[in-house]
Every structure is written in structure tokens, then in C-alpha cells.
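Each remark here refers to the structure printed beneath this line.
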Amino acid sequence: MPELYFSEAIRQALEQALEHDPSVFLMGEDIGLYGGAFGITRGLSEKYGAERVRETPISENSVVGLAVGAAMTGLRPVVEIMFMDFILLAADQIINHAAKLHYIYDGQVRVPLVIRTPAGAGRGYGASHSQNLESLFLSVPGLKVVVPATPADAKGLLLASIRDPNPVLFVEPKALYGVKGEVPAEYYETPLGRARTARQGGDLTLIAYGGGVPLALRAAHDLAEGGLEAEVLDLRTLRPMDDETLLAAARKTGRCIVIEEGPLTGGVGAEVAARVVEGAFASLKAPVRRVAAKDSPIPSAMTLERAVMPSVADILAAADRLF
Amino acid sequence: MPELYFSEAIRQALEQALEHDPSVFLMGEDIGLYGGAFGITRGLSEKYGAERVRETPISENSVVGLAVGAAMTGLRPVVEIMFMDFILLAADQIINHAAKLHYIYDGQVRVPLVIRTPAGAGRGYGASHSQNLESLFLSVPGLKVVVPATPADAKGLLLASIRDPNPVLFVEPKALYGVKGEVPAEYYETPLGRARTARQGGDLTLIAYGGGVPLALRAAHDLAEGGLEAEVLDLRTLRPMDDETLLAAARKTGRCIVIEEGPLTGGVGAEVAARVVEGAFASLKAPVRRVAAKDSPIPSAMTLERAVMPSVADILAAADRLF
Amino acid sequence: MRPLLDAYRVMLLIRAVEERVAALYADGAIFGTCHLCIGQEAVAVGVAVSSHRGHGHLLAMGGDPARLLGELMGRVNGYCRGRGGSQHISVPALGFLGTNGITGGGIPIATGAALAAKMRNTGVAVVCFFGDGATNQGTFHESLNMAALWRLPVLYVCENNLYAMSEPVARTVAGGDILQRPRAYAMPSARVDGMDVEAVERAAGRLLEGVRAGHGPAFLEAMTYRFCGHSKSDRRVYRTREEEARWSARDPLATTRARLLAAGFEPEVGRIEHDVRSQVAHAEEVCRHASETPPGDEAAEAFAHA
Amino acid sequence: MRPLLDAYRVMLLIRAVEERVAALYADGAIFGTCHLCIGQEAVAVGVAVSSHRGHGHLLAMGGDPARLLGELMGRVNGYCRGRGGSQHISVPALGFLGTNGITGGGIPIATGAALAAKMRNTGVAVVCFFGDGATNQGTFHESLNMAALWRLPVLYVCENNLYAMSEPVARTVAGGDILQRPRAYAMPSARVDGMDVEAVERAAGRLLEGVRAGHGPAFLEAMTYRFCGHSKSDRRVYRTREEEARWSARDPLATTRARLLAAGFEPEVGRIEHDVRSQVAHAEEVCRHASETPPGDEAAEAFAHA
Ligand SMILES: Cc1ncc(C[n+]2csc(CCOP(=O)(O)OP(=O)(O)O)c2C)c(N)n1
Ligand SMILES: Cc1ncc(C[n+]2csc(CCOP(=O)(O)OP(=O)(O)O)c2C)c(N)n1
Ligand SMILES: [Mg+2]
Ligand SMILES: [Mg+2]
């Protein structure tokens, strides 16, 4: 199977979607010749033209709003928000419009819209270019939230998101763009709403998603050297969350750590912990622990950014407290 | 002590702040002669003038942005966002700017800014005028989130919010505007970050805030008739959350229900549940249960709105499952 | 005069429905809030994406008064079975994309529908309604800029009723002239007396011709007035009774009726008035007999299923 | 010629610092990203709320190159000890409210500072910098509208460098003329050759006079060019080398230097060049010796304490 970078897997998904479905089109800032800030769309405007790879002015809220209108009337827009931080400008169109219209209009319309956006820190870009804001969107009824952790999932989940009849927030951990993995060449969809067991283990369960998954796997590796076998669950879709797989993984070991790159308070980990407690209380041998970023804006200096972001050491420390 | 409506208590706080501190001023749509959509600021522009009770065009993001700039340079703006739903338009200025500047500018600036906004359903206003969006703002480092549940707290917490050196999101449950209670006439501040025990009880703990508090108290009343004494905790400040009081209340009974008016998934209840599990696991006799709105947009029809919102019956049903 | 008779029928229907809405609201039969467009009927005739003040637009697009009233009353016969309510009604089958509770929220959506129309080559032109207040929202500018850049088939119609809730245009629109805004994007624009239905139709028709011909978006400002308060709780302290009287004297219904009578259409006018009265009475009857919408699995239905 | 000599010194300092920033970034001594203003120095001289491309503005306001470099390098001597980085530097003590990583995000903040200046009667006028691309953000319009309505003391300076990242103005600004935008709010405005520092100072001075006199906001569009890529990873596929060469020929530093030499200021120019070189070398030295900022209790410091 061909090996692709995570970023290439996304580009391939976009290309196959454009090829496969004439109603798909892309919108975003600098996504044409320039190829987008992370080069994801490089080459696509040359192949599919400026109509279907539509560069926009810097107007995030209305760009998403236009996509909502286009999605309601027969197209499938895929919007790139250059950095997830900028999505806050479009919060109104996403939450008050895209996510609600299907329900409040009693099923008469659908809003098949994908918003792709790179998230996360690790590059010293500072507080306005480094956030993981997915937890803000977790509480929005009508919106799906997807975060891939491998190149193969990046492609399959993106294709499934584009075909989904709902608005989907597709979060791309930018730290993973440079990760390589096997990616089937043909068109395929990886179903939304299903978690993936990334590693088997019977002693404790590490629940992660996106950029947290490689951290969890590294921690699992270290734990194994100490004789503890960690199961690693990759949530993949945060909403709808795969309760069945999540609860089975939690019950299997009774000891859980939830890992995320966003800040601790009000994070995705809170929701996971609450679900695990509600659904697997009898099996729990220890409190569900959360490993996340510190509750501060993301600083730019490398020393500070590292201190604020969650680490393998944090996971190991949390694991220690489970036994 | 004089009895005031919740809405009057807020007006009194605004009036005393305007009187007490010349750097305080109000901004918002229709807050002048009209008195704001809910009449909260009625009479204030007549008394303090159009400069300090400043009506704005419909431009939520920039109105908050102006307030950020004014707060950085010596004033204490209090912005009214007419309905909490509209705050999504200002998410960028609140989250990317107001909440971050103090930290990223290394303490050189402060942003003492209050955003008051009415939240919640129950009036049939429909999906764009009924949301509880506080859980979205719970995960924002640098932002305080306050939700009063009584007239006395509405006044004291608002005055404390206005004097706080940080941006504060002050959520006003609109269903409570018409509730009466004793309110001291003089200027006073109720400290942020401290929960309040609204009712004592040893059998189970109901943890609520804002409009969830009266629900919890009604449920506690019904439970008492069945012989169960519920403690009712009013969180008052969601961020920073009063862990000490919260955990003590959870440990006291070992049986907890968290109640909120916003939707279940990704809600404030998730954070509370996660904290209780992390901090009071050994005392828990049952899983922490969450009672919240259903995970749908808020419908307008009364029958549907009622079905979607949390009820006393929901709390009683959750309590049943705790024993 | 056939078109004017048709216009009169639609305007009268709008007025009659709005009056019943006001009465039903006062009786408690309608829950929630709603924004009446009484006085502004002349603007509504002929057009597809609306604002919070959208009952008239929907009726002008051929909406069924019974299904509109049913929506406001939360009945199963409502266009959205009461899920939406006054500010969130959509009737895609009529080309009515929807009312919108967020001021300025519908403007990019309309513009996106125009983008889709252009990309799909459907020949459709979109009409987008909003008020003077909405022109202060960032989305207004962002959307007009994109529409102009991409020559999208959309006619923006600003119903300038002199106030955004209680705030007069002079205090919210810098420079005071809304038409300077589309002009900043080099967009063709015109102002029209919004109380004169024929003038509105002519002006809109002229601009729509250009839009349909592929010349890109256009902008129409219709000067109008809302006869009632902003919403049901409005005490109208921000304007004088004299100003209201001046505008009432220009009631578009009265003007249109007078024109028709002067042209000898008394029998037709009588018939229309009778028809509309019974149509609205019937609509209300239908709603009173329709059941309130029973809740289902609302959370599951927040998502569309494949 | 004293002012021109001063201007030359500042511009040279900006250029020299930016060149070191580029080199340090290439060496890995600067982490993250940054947007150089090389080519745009002429615009920066004299002004207080900035954009993502703000090093020059800060230096022009009297910023210390060592503390600027220290910020980019994440050292304790940085203005914000590295917490902010290139796009989030504030030096309130110099009246420099801050750079801003959100395109258009600084515009309402500057406007709010002007509101505070007016309400507090401080006599301060605020200058707000942003690029052509930022004029497409809703905040731009919303803020200009409020500034004009309330006659706030703010000068908006649009550095039109023909591109927003890779997107040329013709493809992002409908009608192509940015000055039509402030005019829509009846705001005094002017366009100036942004490569000519004297012209910029004159034009800004003229507009600021009105601003300071209480006539309300004004708008200056400075036509300029960024000589480097948008940020460090930019391959500049969207513009030609010929275009770049045409603009390079108008390098504001070279022009200013030539004027000074022609006026016989060779010794002064030499001294300035020597001073700046050693100032920047010294600044870099200071930073290399400063320690990296050690983490503290970052979460606790997210809040201000009373
Ligand atoms: C984002 C947002 N802000 C504020 C409101 C509250 N609101 C509803 S209508 C209105 C006035 C709108 O004025 P205009 O656009 O002139 O329309 P009109 O009501 O006059 O028809 C306001 C402020 C809202 N619904 N949405
Ligand atoms: C809200 C937001 N959208 C997009 C970006 C990414 N971005 C940074 S600078 C820039 C271009 C800005 O263009 P312009 O305003 O002309 O300034 P210039 O870079 O040309 O100086 C873009 C798109 C951003 N930082 N913030
Ligand atoms: Mg109006
Ligand atoms: Mg530019």
C-alpha cells in the first residue's frame, strides 16, 4: 500500500471528492496557487479551476455563511479555515445556522458542509495560531466533530465527512501533517462515529484523539517497559461519540486516562470522563484521570509552550496514580 | 431588607457601579431610552447620559472589541449582548483577544470587561434566542464565567464582576428575571469563585447553577416528601470553579446529580462530573448523573420546548437511579 | 391593472394575517415573540431569503396562511411543525429559504444560495431581505463584497424602516446614507418609496433584469415604516405619535386600494377583501383544530440521516 | 532635514532588525512564524495599534530592538518574555498597544482605545495599522462605522501592499478601490505613496490634525510592497519577479538615503548607519546571553489578580 504523509492523504481525499462528485467544491483563503497555508490544496486549483477551488477574501464568518447557503441549495462545500483559532469568527454561522437549520426547519433542508481546519500547538506560533478549540464545538447539537490521528483515517474520515448530510467540523492536528502512514489509493470512506482501538492492553485504558494518540502510544510503549499493558483508544469522532467502544474499553481495564491537547477545564476529556463514569461506574477501579494542556493561552516561546502542552511524562504520572 | 426582582437587582448593581466608579460605562443595543430588550437598563441613560450608557449599532463582534480596547486603556466597560445566542458573533473578540491579552502580554495589560447576557429557554423564542452557551466559554483560559441564581447574588456577583480585573462573562438566566428576593440596598460584592449551599441535606447532592437552581430546589422538596434529604449546591461561578465546596458537597453524600439548562453533551455537567470523580472517587456510592437539555436545537413550540428542557421529573428520575 | 390587483390581494393577506397574529399573541395562543411587518407590505411582494420580520415575505412567495399560523401556534400543520417559530420558518418548496433570528445572519446564506445558483447554472436569482440595522453587521459587508467580486445573482433588498428596534438610522449608520455601502463595492443600487408597491415592483424589476443578465448583484433600499412596535413588548418611546401618523397616512394598502377604486375596480376589490377575510378565518380555524406538535426523539433528529 | 534623518535612522533600524530576524529564523534561533515588513518601512514611522506585521511599528514607536528580538527568541528580556511572540507583542509604556495575530482583530481594539481616549479626555489620537486584506473583515466595517458615528480620535492606516498573503487586491476588494470604504461612512481619507516617507508623514500629519481637532476619524491608504514573502514559507508563486524588481527599485531606504546624500548629509548618514549596525549587533548579543524564559504557574497567570 502506498505511504503518504497525513497532509497528502487529506489532499488525496479532496481530490477524489472533487473528482467523484461535481457538487463538491472548496472555499478558503489562499487555497489556490498558494495551496493554502499548509500546502494541503496545492495543485488542486490548477486541476479543478478557480470556480471549484474558490479563493475567498478574509471574511471567515461570511465564507462559512455562503457555504451554508450553498449547502442548503444542492452543493457540498468544503471550507478551509486557515487556523482553527480563526473559526471563532465563524462561530455564529456554524452554531446558529449550519448546525440548527436541518432540525428547526423540520428536516426540509440539509446542510452537507465540511469545515476543515488545522489545530494545535507545538510550533511556537503563539496564542492566536495554536489552539485546540474542538471542545467548544462538542456541545453543539447538529454538528459532527471529527479528528483523525493517522493518514489513512485522515483520508477515509474526510471522505465520509464530505458525504455526510450534516455539517462536519474536521479538525486536522497540524503536528501530524508530517507523519507518514499507509493509505489505500482508491476512494474509501471510514464511517463517522466509530472509535478505533490503536493498541490492545489489559491493565489500563488511554483514551485519546488527534494529536493525543501518538502521545498515548508513546506512553503505552514506556508503560509496557514497566510491565503495564495499556489499551489505546482513538476516538476519531468526538460527536457523535462511540459510547459502545468507549465503555467497553473502559470496562476492560477499569482504569482510564483521557488525553487531549486542548486545555483541561471544559475539555473533551470532561465529557469522556462523565460518560465513562455514567456508563462503566461498576467497573472503575480508580478515578478517571485527565491529561490536557494547562489552563492558559498558548505561549509562543518554546520553553513555555512545552510546559503548557501535555506530555508523555504527564500520562505516565497520571498512570502512576491509577494503581 | 427590600425585595427586588432579579432584573431590578441587576439594574441596581449597574446603577451603583455607574455611581461608584467613573470608569464604568455601559454599551449595548437599545440600552438607552428603550432600556434594553428586557428593560434591565431602563432609566439609566436618562440619569447617566448617552456617553456612559452607550447605544451601539448591531455589530456584536466589534462592540466587544471596542470594549476590549477601552478596558485595556483605563475604562471598565459593561457590554450587554441582547441574547446570549448573539454572543457567538463576538466569540473571536472574547476568546482570542479579551481572555488572552493579560497573559500573552505578560501582565502588562488588564482587560476588566463584563459581558452581561440573558440566556435560556422557556419562552418559545426559538433556536436563535434561547440557548445556554456557557459551556462553550467554560474552556477559555483567562475568562471568568458567572451565573447568578438569586436576586441578591445577581447584584453582588455583578458588582464583583465589574470590579474584577479580568474579563467576565455574566450570564443572566432570563427565566429568573421575574423572581423576587431580598436584596441589600447598599453596594456590596459577592466574591467570585465561591459556591453557595442553597439547601442542606445528607442523602444526595444536587449540583446546579443559574436556572437549574430553582429546579433543583423543587426536586429537593419533592424528594424530601419521599424521605430523601438533598443538599443543593449553587455553583455561582463556573470558572474558576469552587472545587473545595464542590468536593465537600460530593463527599458528604457520595451521590451526585449535576443539573444544567444547556444541552447534555459537552456541557458544564461534564466538567463537574469529571472533577467530582477525580476529587471524590473514594466517597462515591453511585455514578454522577447529569440532567440537562436534550441534544437538539431549542424548538419554538411550547410542547417541544418543554420536552427538550430539563425538568424536575428528570431530576427525580436520576435520583431514583442513584440508590 | 391585473398586477396591481394581485399585489393588493397579497398585501391584504399579509396585513390580515399579521393582525390575526397580533390578536392571537395577545390571547396567548401564540407563544414566543414575533416581529410584524404591518406597514411594510409593499416591499414584500415578489421575492426569497428573509430576516426576523418575514411573515410577509413568505406570504408574498405564495405561503399558505394556515401553515404559517400553524407554525407560530406550534401545531402539526405548521411549516416546520413549530420547531422553528416566527424567526425560523423555511419553505424550500416555494423557494423561500427561511426567516432568520440573527440580524445579518441571512445575508451570507442568501449570497451562498446565489453562488450555488451560479455554479449550478440554474438561472435563479436570489432576493435577500434585511433591515437598515442589519447593514451594520460585518456579514453585510463581507457578503456584498464577495457577491460583487464573483458577480453573483442576488438582489439585496434593504427595508429601511428608519429604526433598528429603538435606534434611529441617524444614530447607527455613519453618514446616514445606506446606499453608499453597496456603492463602495461598485454595486448598482437604487432607493425607492417602499410604501408604493408599483414603484417597488418597477425598481426591483429593473435591478433584477441586470442580476438575471449576469451583471452581478444589485441593491435596493426601500423606504418604509413599521406601523407596530418592534416586537410585542415595545412601548415605542423612541418615536413620536406624530411621526407615526405621518407614515400611517401613507399606508400602502390604502394607497393601492384608492388607486384600484379610482380605476373602477370596486367589484374586484370587494371580492378580494371578501376572499382574504375568509381565507384567513379559515386558516385560523384549521390551526385551532390542528393538534399541538407531539415531541419525538428530538436529539436524534438534530442530525440528518443518510 | 533633521526629520528626514530621524526617519532614515528608524527605517534603517527596522530594516536591519528584520534582516536579522530573517537570519535568526533561518538558523532556528527564532521559533514560530513572523511577518517581515521589509519594503514597508516608510509607512511605519510615527505611530499605535498594529497588525500581524508589526515589528516596524513597534520600532518606530521607540521599541528597543533587544527586547523585540528577545521576544521573538523566547528570552526573559523579551517585551512579553516570549509569551506573545511576533504576533502578540505589547508595550503599553510606549503607547504601543500591541500586534495582533487575527486579521482585523486589532481594528475594534484600536477604536475602543480611541473611545476611551475621548471619554477620558486624554487628548490622545490612536493610529491603527492593518493591511488591504483586513479591509474585508466585518470588524473593519463595524469599527469604522462606530468611529465615524461617535467621532472618535483614530487614524486608520491601511498598508496596501497589493496582496493579502497570495491574494491580489483585485481579487479580494470589490471595485478595487479601498478608499470607497471609509467614504461610505463619510470619513475623510487619502491615498499616499507608501514608499515615500516624507509623503507619508505629510499625509498622516494632515489627517491627524483633523483627528486631533475632534473632527472624528480619518483614513490613510499607503501604497507599499512587501519585499519578502508573506511569511517564511512563502514561495511567492502569485507574483512575478519583474513586479518585485519594479518595487525594489523604489526601496524607501534607498530613496531616503539618496535624498539625504544629495542634500549633503553624507557624514550624518554614515554615522546613522554605523550606529544602527552596532545597535542591532548589540541587541542580538544581549538576546544570546539572555536566558530562555523559565515556565512558572502559567495557568494561574492566565488571570490577573486584584
Ligand atoms: C445578532 C443579533 N443582534 C441583535 C438582535 C436583536 N434584534 C432583532 S431585530 C433587531 C433590529 C433589527 O433592525 P433592522 O435590521 O433595521 O430590522 P427591523 O427590525 O427594523 O425590520 C435587533 C437588534 C438579533 N436578533 N440578532
Ligand atoms: C482571522 C484571520 N484570518 C486569516 C489569517 C491568516 N493571515 C494572516 S496575514 C493574512 C493576510 C493579511 O493580508 P493584509 O491584511 O493585506 O496584510 P499583509 O500581510 O499584506 O501585511 C492572512 C490571510 C489570520 N491571521 N487571521
Ligand atoms: Mg429597521
Ligand atoms: Mg496586504
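Every chain is numbered from 1, with letters handed out A, B, ... down the list of sequences. The analysis underlying the following values was restricted to heavy atoms, covering all of them including side chains, and did not include hydrogens, waters or symmetry mates.
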> By a 4.5 Å heavy-atom criterion (distance strictly below it), what part of A:D295 contacts chain B: side chain, backbone, both, or neither?
Replying inline: both

>> Nearest 0.5 angstrom please: A:I95 CD1 to A:S139 OG, how far?
In response: 7.0 Å

>> Working to the nearest 0.5 angstrom, can you tell me the gap between A:M309 CE and A:K294 NZ?
In response: 10.0 Å

> B:L136, B:L138, B:V268, B:L238: which one forms the most heavy-atom pairs within less than 4.5 Å of chain A?
Replying inline: B:L136

> Given that the side chain runs from C-beta out, which part of B:A91 has a heavy atom under 4.5 Å from chain A: side chain, backbone, both or neither?
Replying inline: both

> Is there side-chain contact between B:I115 and B:P167, with at least one heavy-atom pair below 4.5 Å?
Replying inline: no

>> Please classify the contact between A:R321 and chain B as side chain, backbone, both or neither, with a heavy-atom cut-off of under 4.5 Å.
In response: neither

> To the nearest 0.5 Å, what is the distance between CG (A:N61) and CG (A:L88)?
Replying inline: 11.0 Å

> Distance from B:L304 atom CG to B:M302 atom CE, nearest 0.5 Å?
Replying inline: 11.0 Å

> What residue, out of B:P287, B:G142, B:G266, B:A274, has the most heavy-atom pairs lying under 4.5 Å from chain A?
Replying inline: B:P287

> Where does A:Q131 contact chain B at under 4.5 Å (heavy atoms): side chain, backbone, both or neither?
Replying inline: side chain

>> Given heavy-atom pairs under 4.5 angstrom as the criterion, report whether the side chain, backbone, both or neither of A:L284 touches chain B.
In response: both

> Are side-chain heavy atoms of B:D242 and B:T237 found at a separation under 4.5 Å?
Replying inline: no

> Are B:V64 and B:I81 side-chain neighbours, meaning at least one heavy-atom pair lies under 4.5 Å?
Replying inline: yes

>> With heavy-atom distances below 4.5 Å as the criterion, would you say the side chains of A:I87 and A:E60 are in contact?
In response: no

>> So which residue, A:K100, A:Q93, A:H97, ends up with the most heavy-atom pairs under 4.5 Å with chain B?
In response: A:K100

> Any side-chain heavy atom of A:F83 within less than 4.5 Å of one from A:K174?
Replying inline: yes

> Of all the residues in residues 102-109 of chain A, which have a heavy atom that comes within less than 4.5 Å of a heavy atom in chain B?
Replying inline: A:Y103, A:I104

> Quick one: CG on B:L143 to CG on B:N166, what's the gap to the nearest 0.5 Å?
Replying inline: 9.0 Å

> Which distance, rounded to the nearest 0.5 Å, do you find between the CG of A:L247 and the CZ of A:R275?
Replying inline: 8.5 Å

>> Could you check whether any side-chain heavy atom of B:I58 comes within less than 4.5 Å of a side-chain heavy atom of B:F86, counting everything from C-beta outward?
In response: no

> Can you check whether A:E271 reaches B:T265 side chain to side chain, under 4.5 Å on heavy atoms?
Replying inline: yes

>> Less than 4.5 Å apart, side chain to side chain, heavy atoms only: is that true for B:I94 and B:V140?
In response: no

>> So if I take each residue of residues 249-263 of chain A and look for any heavy atom under 4.5 Å from a heavy atom in chain B, which residues do I end up with?
In response: A:P263

> Contact part of A:A270 toward chain B, heavy-atom cut-off under 4.5 Å: side chain, backbone, both or neither?
Replying inline: both

> Counting heavy-atom pairs under 4.5 Å to chain A, which of B:P299, B:A280, B:G269, B:G126 comes out on top?
Replying inline: B:P299

